[in-house]
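Below is one structure, written out as structure tokens; comments come after it.
Both counts, for ligands and for their atoms, begin at 1 and track the order of listing.
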Amino acid sequence: MDASVSKELRRRILACAAGAGALSLLRPLRVVAGQVGSSAALGFTELSEGTLDEQRLYALSGKVPLIKKTYRPPNFETPIDYLRTPFTSNAAFFVRWHLAGIGTVKASDWRLSVGGESAQRPFELSLEQLKRDFDHAEITAVCQCAGNRRGLFDPHVAGVQWGVGAMGNAVWRGVRLRDILARAGMTSDALEVAFGAADRPVLDKTPVFVKSLPMSIALDDNTLVAFEMNGAPLPHWNGFPARLVVPGWTATYWVKQLSSISVISKPETNFWMSTAYRLPRGMFKTPTFASQASGATEPITTIVVNSLITSLRSGQQLPRNTPIQVRGMAWDGGSGIAGVDVSTDMGASWQAARLGRDMGRFSWREFSFVVPPRERGSIVVMARAANRLGETQPERLIHNPAGYHHNVIQRVYVEVV
Ligand SMILES: Nc1nc2c(c(=O)[nH]1)N[C@H]1C(S)=C(S)[C@@H](COP(=O)(O)O)O[C@H]1N2
Ligand SMILES: [Mo]
């Protein structure tokens, strides 16, 4: 490591340990290997001082204290302490809503309407009928907000300033959307399936939440209308009584409090498809949602390959001459994780971490690596996941206006004392 970087690191770590200006450590270093660079090139550390100052833990009903981002609408992030287990508990699972009018849906009152101009036989289902009339299916999948880590974007972008915890992994149980659609029967002009929900805006001018999927994904075996999460009914905040589960796709499509399914012959034009959740066209090598691509933008689709070190925190002091345990999670949009490499020399060399149990290609996967005992000094620990398509995390943040797909290689700054 360049001497000036090492010195700067040490200054920040000491400041952190001293408590005063503690969070100066968490701002990315601006000098690396003797070059002056933008901090965006250097991977992320943690949220900026201002953002961290504003966040508080708060317990919603049925939830453990989560990191409060906004109260109305409810946006609550999972603390990293709950991201170290194969499954994220329902009580600790993050909560993200766009609209503030979230009523309680009673199981006995709930109805799911299935129709649309390209459905031959529209019908309605109660929760009981949904559970009784169709085969059940189960899948382990990461649910990750497209804007997870938005608060780490540099330059800063507007929107909920998420840290690393707008994500979780769970076993989802429900029925296949495909089977529900088969009962309705589709006409040959079916182009997309649109999903409506029970949450409502408090201001008339805010559009209701509607998302659509291309037919290929709606008919995919893995796409579920789920009513259980980790063996229990969905929590209210996570979409009780039923939500869409679209493994591999960003969570914006995982419509909660699902109330309607419409097979449509024209592209859905609601705000949440045509304006929000879009990326500059071709910026990421993810599948294209062809019927929704127009002009310079296209909708976000699958999750990009990513990883998170969960065993270390920037600013942490570690005892010298003791092995350092590097552990975390790696995931992608459904090809599955092929490997995770760890570097302790600013990316000059990488070594393979050990992968944990494979819980399916939509699940995250644990990794672990032991850094041999060190003498006193600062270390930057980095992890870089690769998926089975050969895609890896970038060294530079891929900046985009809405702050999606943050998957730049993480850097954790620690000091051996
Ligand atoms: N009805 C409804 N469903 C929704 C949303 C919403 O605002 N309303 N937000 C979506 C977004 S953007 C995300 S990230 C996920 C969050 O799921 P969770 O709250 O269960 O973690 O729900 C999705 N489903
Ligand atoms: Mo999201």
| query | Nearest to atom 23 (C) of ligand 1, what protein heavy atom do you find, and at what distance? | reply |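 Of the protein heavy atoms, Ala251 O, 3.2 Å lies nearest.
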| request: Just need the protein heavy atom nearest to atom 21 (O) of ligand 1, so name the residue and atom and give the distance. | output: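 Heavy-atom neighbour on the protein nearest atom 21 (O) of ligand 1: Phe94 O, 2.7 Å.
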Can you tell which part of [X] has a heavy atom less than 4.0 Å from ligand 1: side chain, backbone, both or neither?
X	answer
Phe195	neither
Cys145	both
Gln257	neither
Gln144	neither
Phe209	side chain

| Are a donor atom and an acceptor atom from the side chains of Glu192 and Ser212 found within less than 3.5 Å of each other? |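 There is such a pair between these side chains.
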| said: Under a 3.5 Å threshold, yes or no: a donor from one side chain and an acceptor from the other, between Asn387 and Glu391? | reply: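 Yes.
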| task | Counting heavy atoms only, name the option from Lys256, Lys211, Arg243, Arg200 that's nearest to atom 19 (O) of ligand 1. | result | Lys256
| field | Pairwise side-chain contact, Arg149 with Leu397, heavy-atom cut-off 4.5 Å (strictly under) | value | no
Looking only at the aromatic ring of each residue, does the gap between the centers of [Y] and [X] stay below 6.0 angstrom?
X	Y	answer
Tyr253	Phe195	no
Trp272	His98	yes
Tyr58	Tyr71	yes

| field | Per-atom contacts of ligand 1 with Asp199, taking only distances under 4.0 Å to non-hydrogen atoms | value |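 What qualifies from ligand 1 is 1 (N), 2 (C), 6 (C), 7 (O), 8 (N).
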| task | Measure the acute angle between the ring planes of Phe153 and His406, then classify it against the limits of 30° and 60° as parallel, tilted or perpendicular. | result |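 Perpendicular.
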| Quick one: does Asn238 get an N or O within less than 3.5 Å of an N or O on ligand 1? | yes
